[in-house]
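For reference, the structure discussed in these notes is given below.
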Amino acid sequence: MKLRIAPSPTGNLHIGNARTALFNWLYARANNGEFLVRIDDTDKERSSEEYEKNIIENLKWLGLDWDEGIEVGGSEGSYKQSSRFDRYIEVAEEFENNGLAYREEGALRFKVPEEGEIKFQDIVRGSMSFNLNDVEDFVILRSDNSPTYHLASTVDDVDYGITLVARGEDILSSTPKHILLINALQAPLPDFCHLPLLFGPDGKKLSKRHGDTSVSAYKDKGVISEALFNYMCLLGWAPGNDLEIFDKQIAIEKFDLNNVLPNPAIFDTKKLLWMNGQYIRDLKDGDFEKSFIESIQDSISRELFEQEINRLKKIKHAVQERLETLNDINEQVKFLLDEPFEVNSKDWESVNTNEGQEYMKNVRNKFMSTKSFKLNEIEEIMRSELEQLNIKPKIGFQITRVAITGTKISPPLFESIYALGKENTIARMGESIEDL
RNA sequence: GGCCCCGUCGUCCAGAGGCCUAGGACGCUGGGUUUUCAACCCAGAAACGCCGGUUCGAAUCCGGUCGGGGCUGCCA
């Protein structure tokens, strides 16, 4: 069994193509088959190396690998259509010589029989039948003698020995043309599988008009690859038993193209983000720390100082539990960085009370006389002072939170204070105590 | 317009004639926990597009209809 994907480098790797790649990859891996990646760049105008790079990079980022094709090589050369024009032209001219194609205004058209039917079995849709009456003669070589997609793609599938063509449903109606070409090449027909399309929230084919729907855009938003991988698996397929969170291994074990749904799926960012949060929480300590530090450095566009990193490490676990994406990190930890610190005045007004002031003053004094400033020590001081003054946690804690983090929303208070450190905490509390 | 595909909660999926007074997940609403925010727990609202047929029995099979989508390029 040999499957392939053939992305056109006319844009970054799109979520829809990534899902198609994923299903091809899963099926190949599930059946000990081969997976091939080639680049369909017959459209010289719209193709670019930058996009090609993006596609390859993001396939890898998703954890997909391939056995033959672009970058990894194989017996068929570059696996780029732009370098195989001679081959396509050779085939096209043979068709022309055999009377299977004819010239029209310079372009070469493949002659579709007037009568007859093309039938094939589609793995997700069952019996398909097209009346050749409805299929027009189609261009296989443009006036500039460059091959079109139909020709190049079909010749490649034949030359590379593809046995199962699984692609988007948008090409379903082109399949009769491809079958005609394969027959003309006197080659065996592969199996066909037309995967349901991915839609945007408006129920239309996912595309640029839905915003940036590239894989790299989601990566940039702080989505981790395992989460996107898992989420995409669920678009048109499920492993059964209501299982929703699963890894690559399980996906490979359970995956079967025969169980893929024929109906389109809407790409729902909300569920992706939820799943991403689940995955982030599950990240191993070292993996999370790496992403944690990198994400902050990306946000502030500079390297972190050692002091900052030491502070950040103390809060990382608390932050890990509170993320939807990696990009949410900086907002939660910026009070720990050596950056200008500011207290949100609206938040301050809503928590600043006389009781709170007194509480902070007393706590600050006790903080000053502690030596170790350990987490449990901080908690003990803050809780016992609450009892001393007989005030509610909210009164004492919220004012302190705003004073040291700048806002009413932050990681857990004791951890935040612990991470910030004794000197900084005392200084910030001092700034907010009115009669000091 | 023509050809083709599709049709279970708002969304993703379960359901392959009786186990369905339709199940899970996201989201949403209410409640609990709580120092904020999350997380977590509990509860709730929420769907078989419609009409016929087959059958003792249909979300499941068939037909029609309506609705949505794709293709209809010298794009892929």
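Only heavy atoms go into these numbers, but all of them, side chains included; no hydrogens, no water, no symmetry mates. Chain letters run A, B, ... following the sequence lines, proteins first, then strands; residues in each count from 1.
Rounded to the nearest Å, the gap between the C1' atom of B/U8 and that of B/C20 is 12 Å. To the nearest whole angstrom, the two C1' atoms, one in B/G1 and one in B/G57, are 43 Å apart. Between B/A46 and B/U29, the distance separating the two C1' atoms is 11 Å to the nearest Å. For the P atoms, the distance from B/U60 to B/A22 is 16 Å, rounded to whole Å. Atom name C1', nucleotides B/C42 and B/G17: the rounded distance is 36 Å, in whole Å.
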Table of protein N/O atoms under 3.5 Å from nucleotides 8-14 of chain B N/O atoms:
from, atom 1, to, atom 2, distance (Å)
B/C12, OP1, A/Ile266, N, 3.1
B/C12, O2', A/Leu234, O, 2.8
B/C12, O2, A/Lys271, NZ, 3.4
B/C13, OP1, A/Gly236, N, 2.5

Set out, line by line, the N/O atom pairs under 3.5 Å between protein and nucleotides 17-22 of chain B.
none

Show each protein N/O and nucleotides 44-51 of chain B N/O combination with a separation under 3.5 Å, one pair to a line.
none

Which protein N or O atoms sit under 3.5 Å from an N or O of nucleotides 58-65 of chain B?
none

Kindly give the atom pairs (protein nitrogen or oxygen, nucleotide nitrogen or oxygen) under 3.5 Å for nucleotides 30-39 of chain B.
from, atom 1, to, atom 2, distance (Å)
B/U35, O2, A/Arg401, NH2, 2.1
B/U36, O4', A/Gln398, OE1, 3.2
B/U36, O4', A/Gln398, NE2, 3.3
B/U36, O2', A/Lys408, O, 3.0
B/U36, N1, A/Arg401, NH2, 3.3
B/U36, O2, A/Ser410, N, 2.9
B/U36, O2, A/Ser410, O, 3.0
B/U36, N3, A/Arg401, NH1, 3.2
B/U36, N3, A/Ser410, O, 2.9
B/U36, O4, A/Pro412, N, 3.4
B/C37, O2, A/Arg322, NE, 2.8
B/C37, N3, A/Arg322, NE, 3.0
B/C37, N3, A/Arg322, NH2, 3.0
B/C37, N4, A/Arg322, NH2, 3.2
B/A38, O2', A/Glu321, O, 3.4

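Applying a 4.0 Å cut-off to non-hydrogen atoms, the residues of residues 117-137 of chain A that approach RNA chain B are A/Arg125, A/Met128, A/Phe130, A/Asp134, listed by residue number. Non-hydrogen atoms lying under 4.0 Å from RNA chain B are contributed by A/Gly203, A/Lys204, A/Lys205, all within residues 201-212 of chain A.
Sorted by first and then second residue, the salt bridge (Lys or Arg N to Asp or Glu O under 4.0 Å) pairs involving residues 236-264 of chain A (not counting sequence neighbours) are A/Glu244-A/Lys271.
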Do any side-chain atoms of residues 3-14 of chain A form donor-acceptor pairs under 3.5 angstrom with protein atoms, and if so which ones, sequence neighbours left out?
from, atom 1, to, atom 2, distance (Å)
A/Arg4, NE, A/Asp157, OD1, 2.9
A/Arg4, NH2, A/Asp157, OD2, 2.9
A/Ser8, OG, A/Asp40, O, 3.1
A/Asn12, OD1, A/Asn54, ND2, 3.3
A/His14, ND1, A/Gly16, N, 2.9
A/His14, NE2, A/Leu206, O, 3.2
A/His14, NE2, A/Thr213, OG1, 3.2

Could you go through residues 110-121 of chain A and list every donor-acceptor pair under 3.5 Å that involves a side-chain atom there, pairing it with any protein atom two or more places apart or in another chain?
from, atom 1, to, atom 2, distance (Å)
A/Lys111, NZ, A/Gly99, O, 3.4
A/Glu117, OE2, A/Ser129, OG, 2.9
A/Gln121, NE2, A/Ser127, OG, 2.8

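With sequence neighbours left out, the side chain to side chain contact (heavy atoms under 4.5 Å, CB included) criterion links A/Lys221 to A/Tyr218. Partners of A/Ala30 by side chain to side chain contact (heavy atoms under 4.5 Å, CB included), not counting sequence neighbours, listed by chain and number: A/Ile252.
Within a 6.0 Å radius of CG in A/Asp202, more than 12 heavy atoms belonging to other residues, nucleotides or ligands are found.
Partner assigned to B/C3 is B/G70, using Watson-Crick or G-U wobble distances below 3.5 angstrom.
Computed from coordinates, the A/Leu195 CG to B/C6 P distance equals 13 Å when rounded to whole Å.
Within the nucleic acid shown, A/His150 comes within 4.0 Å of at least one base atom, counting heavy atoms only. Using a 4.0 Å heavy-atom distance criterion, A/Glu105 is classed as a base contact.
Summary of the strand contacts: A/Lys177 and A/Pro7 both lie near RNA chain B, and taking for each the nucleotide with the nearest heavy atom, the more 5' one is attributed to A/Lys177.
Proximity of A/Arg109 to the phosphate of B/C74: a side-chain N or O atom is located under 4.0 Å from OP1 or OP2.
A ring-centre distance under 6.0 Å is not found for A/Phe341 and A/Phe335. Ring to ring, A/Tyr27 and A/Phe35 are not that close: their centroids are 6.0 angstrom or more apart.
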